[in-house]
2 protein chains.
Amino acid sequence: MTGHSTSLASPPIDQTFLLSLLGYNCLQAYLKVAPPIKRLLAKYKLKPVEFTVLALVAENLQINQKRIGETINVSPPNLATLLDRMQENGLLERQRNPRDKRSHIVALTPQGQALYEKTRSSVANLERPASLSADEHDQLIHLLQKLFL
Amino acid sequence: MTGHSTSLASPPIDQTFLLSLLGYNCLQAYLKVAPPIKRLLAKYKLKPVEFTVLALVAENLQINQKRIGETINVSPPNLATLLDRMQENGLLERQRNPRDKRSHIVALTPQGQALYEKTRSSVANLERPASLSADEHDQLIHLLQKLFL
DNA sequence: TATTGTTATACTCTATAACTATA
DNA sequence: TATAGTTATAGAGTATAACAATA
């Protein structure tokens, strides 16, 4: 029980203007969708970014750091330390590209590959919240990609 | 010119799986939409969160900190320091609620009100990126709100 | 006892500058 | 001279615990 017998109920919050803004809606939607995925990945001692890197490296042979960083919006210095950590955890390896010795080709270790396969299906199972039909889910993703692809 | 005459073009990145995930799409869309708004607000020495607070307080008389924090996903300690800063900048004031002296009612100062009105129209003008039709824009917002409202 | 808000602090994330090595 | 990546570090954002005042 909240309040007492003579109290007015809290008026609903008016966020009409904010709700008309694309950026606000994208962020609030992300903040709603992300926590369950975070909790799931935490069981495997993975952060969302790390899972993203696993996916990108698993599905792109010979990918280098520049392309990883561009794709997932992580700057070179921050990607370097992120990959350091994943490498220490035995998830991936870096080797010099013989065709251009400045760049490093990133590849998953067998453990990294195994972890990706395990977590991938779990993450996929969290897709499509109850509040969206299958059609709405697909439509939403299609529209979001028009923004950033 | 990139590469040399006999080099293969970089194969396009395969992010098929990631692009099927709602959370990934929301985040990437946000990361694309946010920077222009950030730059605009920076001219007024405002951060996006601060603008959000301005909007919420301007449109909700008698709002207290608990409801602000719940609505915009900011924890009580972090909201306290955020409001401290905005108060120091002369944008808002906090007064005890006479009906419940635990809570503080937040209200804009005339300067805060003026700043909100100025920035509000500028922010609104950044809405609807060229890649979306008016219908798509409205449809996208409608679907996002099904996720978090 | 529970709730609102504050303080202090730790932790994480992100951004910037300077550097090495290759091209 | 430009590019890929690294190191070090600063700054911003987020999370947690302990507390005071009020209900």
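Within every chain, numbering begins at 1; the chains are lettered A, B, ... in the order of the sequence lines, protein sequences first and strands thereafter. Since this is a predicted model, take the numbers as computed values, not measurements.
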- Sugar-phosphate atoms are those with a prime plus P, OP1 and OP2; base atoms are the rest. Using that split, label each nucleotide of nucleotides 18-23 of chain D B, S or - for protein heavy atoms under 4.0 Å, 5' to 3'. ---SBS

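Among residues two or more places apart in sequence or in another chain, the side chain to side chain contact (heavy atoms under 4.5 Å, CB included) test is passed with R102(A) by D100(A). With sequence neighbours excluded, the residues satisfying side-chain hydrogen bond (donor to acceptor under 3.5 Å, both in side chains) with D84(A) are R94(A). With sequence neighbours excluded, the residues that form a side chain to side chain contact (heavy atoms under 4.5 Å, CB included) with E117(A) are Q113(A). L31(A) meets the side chain to side chain contact (heavy atoms under 4.5 Å, CB included) test with L27(A), Q28(A), N73(B); sequence neighbours excluded. Considering only residues two or more places apart in sequence or on other chains, K146(B) meets the side chain to side chain contact (heavy atoms under 4.5 Å, CB included) condition with L132(A), E136(A), H142(B). By the side-chain hydrogen bond (donor to acceptor under 3.5 Å, both in side chains) test, E70(B) is found to be paired with K66(B), residues two or more places apart in sequence or in another chain being considered.
Following rounding to the nearest Å, L79(A) (CG) and dG5(D) (P) show an atom-to-atom distance of 8 Å. Following rounding to the nearest Å, I68(A) (CD1) and dA4(D) (P) show an atom-to-atom distance of 13 Å. For the pair D84(A) CG and dG5(D) P, the interatomic distance rounds to 13 Å; values are reported in whole Å.
E93(B) and T109(B) make their closest contact through CG-CG2, 3.9 Å (heavy atoms, listed as atom of the first residue, atom of the second, distance). When every heavy atom of F148(A) is checked against every heavy atom of L144(A), the shortest pair comes out as CD2-O, 3.2 Å.
Of the residues in residues 41-63 of chain B, those with a non-hydrogen atom less than 4.0 angstrom from any atom of DNA chain D are K47(B). Within residues 69-76 of chain B, no residue approaches DNA chain D, by heavy-atom distance under 4.0 Å.
Side-chain atoms of H104(B) and Q95(B) include no donor-acceptor pair closer than 3.5 Å.
At least one side-chain heavy atom of L18(B) sits under 4.5 Å from a side-chain heavy atom of L56(A). No side-chain heavy atom of Y24(A) sits under 4.5 Å from any side-chain heavy atom of F17(A).
The nearest heavy atom of DNA chain C to N78(A) and to R94(B) marks one nucleotide each, and the one closer to the 5' end goes with R94(B).
When hydrophobic side chains of Ile, Leu, Val, Met, Phe, Trp and Tyr are connected at separations under 4.5 Å, I105(A) ends up as a singleton with no cluster partners.
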List, one per line, each side-chain donor-acceptor pair under 3.5 Å for residues 36-55 of chain B, sequence neighbours excluded.
unit_1: E50(B); atom_1: OE1; unit_2: K47(B); atom_2: N; d: 2.8
unit_1: E50(B); atom_1: OE2; unit_2: R85(B); atom_2: NE; d: 2.7
unit_1: E50(B); atom_1: OE2; unit_2: R85(B); atom_2: NH2; d: 2.8
unit_1: T52(B); atom_1: OG1; unit_2: P48(B); atom_2: O; d: 2.9

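Interface limits on DNA chain C: the 5'-most and 3'-most nucleotides within less than 4.0 Å of chain B heavy atoms are dT3(C) to dA8(C).
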